[in-house]
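Data first, discussion second: the structure below is written as structure tokens.
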Amino acid sequence: MAMSKIDRIDREIEKTRGKITEYQNRLKELEAQRTEQENFEIVNLVRSMCMSRDELMNFLRGGANDAPPVETAYHEQEDMTDDKE
């Protein structure tokens with residue numbers, strides 16, 4: 001009897017390890033999807049700034065204070081939201 005109980009526990013351990021591996025793999029997939037989505041949003045944000053590559057590089061290097069503001073659809077949407085409040 002003691003052996004069957006140990007066998008049952010061993011099976012449960014293996015089953016649990018399998019689920020842990022499955023969940024770890026799923027977590028890696030979800031983290032990769034999140035990173036991909038974040039990158040997509042960053043690219044869209046950068047493109048919405050309507051800057052040349054040189055202007056963008058200067059902006060990223062810390063010249064953001066010298067860069068003139070650029071009106072984009074995002075800014076227009078933001079302005080319309082402010083009026084409603």
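- Partners of Glu14 according to the salt bridge (Lys or Arg N to Asp or Glu O under 4.0 Å) rule, which considers only residues two or more places apart in sequence or in another chain, are Arg17.
- Note: the hydrophobic cluster containing Leu60 also contains Met51 (ILVMFWY, side chain heavy atoms under 4.5 Å, direct or indirect links).
- Cluster partners of Ile9, using a side-chain heavy-atom cutoff of under 4.5 Å among ILVMFWY residues and allowing indirect links, are Ile13.
- With values rounded to the nearest 0.5 angstrom, Gln37 atom CD is found 10.5 Å from Thr35 atom OG1.
- The side-chain hydrogen bond (donor to acceptor under 3.5 Å, both in side chains) check on Arg8 picks up nothing, with sequence neighbours excluded.
- Among residues two or more places apart in sequence or in another chain, the side-chain hydrogen bond (donor to acceptor under 3.5 Å, both in side chains) test is passed with Glu29 by Arg26.
- Considering CZ of Arg53 and CG of Leu56, their distance stands at 9.5 Å, rounded to 0.5 Å.
- Every side-chain hydrogen bond (donor to acceptor under 3.5 Å, both in side chains) that Arg34 has, sequence neighbours left out, goes to Glu38.
- For Gln24, there are no side-chain hydrogen bond (donor to acceptor under 3.5 Å, both in side chains) partners, not counting sequence neighbours.
- In this structure, the side chains of Leu27 and Tyr23 stay at 4.5 Å or more apart for every pair of heavy atoms.
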